[in-house]
Amino acid sequence: MLSEAVTAAFEKCLDRISEEYKNLQQQVPLHPGVALDTWIDSLASVVAARIEASPEFGQLVDALKVDEYRAIIFSFHVACFLKLSGAYFDLHAACCQPDIHKKLTGLLDENLSRPRTAHTRYLIRLPWVSANIRLPVEAGWFRLRTFEASELEERINNRARRVFFPHTALDPATIDRLTHAVWLEVEEDNVLPLDTLIHLSARDGKVSFSGLPPAVERALGRLVLLNWYPEVEEVEEYWWPGFPLGPVIEVSDNLFDWPTPPTPGVLPDLFDEEGCVVEEGPERFMCEDVTALADYDHKLSALEKHEETKGFLPERVLPYLIKAATLDAERAGKVDQVVNHVLALDALLGDSEPGSARRLRTRLGTLLGLDEGQL
């Protein structure tokens, strides 16, 4: 529960937001033909700047700097919370103030009182998956699904991103383009440091073979094991194009931390220099056993926990499999062959002691006559 001092300071800060909107609305009235949300968005950044310079904001920051939260609260944490919680969008009118205050107070309490974890959701577009696959497909902590434009806007809190963090937002044209696209949605809980409310990304301190967040890499490892085949019948000589990956969008429910911009994906350019859609996009693939994802996850999760296979499977086989699936190959079969190659090399040269990857590299270099700089 929030302390009385924090609750009182927060209420005063919310009242000041409403007061600033009232003053601004007299100076910049809503003109006919201008959408209400567009008008509010144009005022929100001005209101935010005034609030962050107000005594009420300073009092709220001071009230939150207490040991009971086991966290270091800085002014930018509080500024992020007000922007990402929707306070600047909800408090523009005098109506429904008690309900809005109650909702925002609950959000503040939730963000301060939760266990030291932040729930993170990753969205990655899969332009190679055919739209004819029956979706959504649930597999517990990850799923395949599509989004309507409004759903995607809400999912990534794009309005707050667009107004306050424009370098992290998706523009309206991109949102429309991504409507009904197939997405991989991955969820995980990240442990936060005890001395800060800044979001600790799952990528910090971990090596990812593909450059993707480990949780996304793990989900992709399940996905590429399915029996995918081209939606359009191909000739016998088949060139493996790789599964192109769209940008990764990371969304955390820790409202004290600013959002991160989308991570660029491996995606062919679908638009020409004039912005027109190119006729031939990436090749689409079908899969008849996509509903087996949950079963695959159950079996692979058991192998990841098994004493004999927990290091080998997630750290050696699946990362190489993902790389083979997402990059160009000279001929078909690379995805299947890479696992066999890794298995053979590991059986001959591998071990489970720390530093095994380096020892494997050194041994192979010795066999091939390579010096240290070439490994």
Side-chain angles (χ1 to χ4, degrees), residues 1-65 69 73-114 150-166 168-170 172 197 199 251-259:
M1 292 290 292
L2 296 178
S3 66
E4 292 184 7
V6 170
T7 301
F10 189 53
E11 287 285 343
K12 289 181 180 179
C13 193
L14 297 182
D15 288 338
R16 182 62 186 267
I17 293 175
S18 299
E19 182 182 335
E20 290 294 343
Y21 264 117
K22 184 178 179 180
N23 294 334
L24 264 181
Q25 288 168 9
Q26 295 175 353
Q27 303 169 27
V28 188
L30 176 62
H31 294 289
V34 177
L36 178 61
D37 284 351
T38 302
W39 178 63
I40 294 170
D41 291 352
S42 67
L43 301 180
S45 57
V46 178
V47 173
R50 292 184 178 183
I51 290 299
E52 290 166 22
S54 70
E56 288 84 355
F57 181 82
Q59 292 166 10
L60 176 59
V61 173
D62 291 338
L64 287 168
K65 288 182 178 178
Y69 295 122
I73 304 288
F74 294 111
S75 58
F76 60 80
H77 290 135
V78 183
C80 279
F81 175 85
L82 290 174
K83 291 171 180 175
L84 293 174
S85 65
Y88 292 115
F89 303 130
D90 295 338
L91 293 170
H92 68 280
C95 63
C96 306
Q97 292 287 344
D99 291 339
I100 296 172
H101 281 220
K102 183 178 179 180
K103 183 192 76 171
L104 294 171
T105 302
L107 276 176
L108 180 63
D109 187 26
E110 178 185 336
N111 273 256
L112 287 170
S113 304
R114 73 176 61 181
S150 58
E151 287 182 300
L152 186 57
E153 278 268 350
E154 182 180 351
R155 197 63 139 197
I156 66 174
N157 201 1
N158 202 50
R159 186 182 183 186
R161 288 173 179 248
R162 186 171 57 249
V163 173
F164 300 113
F165 311 94
T168 74
L170 297 181
L197 285 170
H199 171 52
V251 184
S252 172
D253 68 352
N254 176 21
L255 301 183
F256 285 100
D257 192 20
W258 51 85

Residue pair [X] / [Y]: nearest heavy atoms and the distance that separates them:
| X | Y | answer |
| --- | --- | --- |
| C13 | I51 | SG-CG2, 4.0 Å |
| L82 | F10 | CD2-CE1, 4.0 Å |
| A5 | A63 | O-CB, 4.1 Å |
| K12 | E56 | O-CG, 3.9 Å |

Given 3.5 Å as the limit, does a donor-acceptor pair link the side chain of [X] with the main chain of [Y], or not?
| X | Y | result |
| --- | --- | --- |
| R161 | T168 | yes |
| S42 | W39 | yes |
| N111 | L107 | yes |
| D41 | V163 | no |
| D90 | I100 | no |

So do [Y] and [X] actually touch side chain to side chain, heavy atoms under 4.5 Å?
| X | Y | value |
| --- | --- | --- |
| V6 | L108 | yes |
| V61 | H77 | no |
| L112 | L2 | yes |
| L84 | F164 | no |
| L43 | Q27 | no |
| L30 | Q25 | no |

Working to the nearest 0.5 angstrom, can you tell me the gap between [X] [atom1] and [Y] [atom2]?
| X | Y | atom1 | atom2 | value |
| --- | --- | --- | --- | --- |
| L64 | F81 | CG | CZ | 9.5 Å |
| D109 | L104 | CG | CG | 12.5 Å |
| Y88 | L14 | OH | CG | 9.5 Å |
| L255 | K83 | CG | NZ | 13.5 Å |
| L91 | K22 | CG | NZ | 14.5 Å |
| E110 | S85 | CD | OG | 11.5 Å |

Mind checking what makes ring pair (Phe, Tyr, Trp, His ring centres under 6.0 Å) contact with Y21, not counting sequence neighbours?
none
Mind checking whether F76 and W258 have ring centres under 6.0 Å apart?
yes
Heavy-atom neighbours of E154 CD exceed 12 at 6.0 Å:
no
Tell me, yes or no, whether the heavy-atom count around K103 atom NZ, taken from other residues, nucleotides or ligands under 6.0 Å, exceeds 12.
yes
Could you go step by step and tell me if E52 and V78 meet the side-chain contact (heavy atoms from CB on, under 4.5 Å) rule?
CA-CA 9 Å; E52 290 166 22; V78 183; over 6 Å; no
Quick one: do E19 and R50 make a salt bridge, cutoff under 4.0 Å?
no
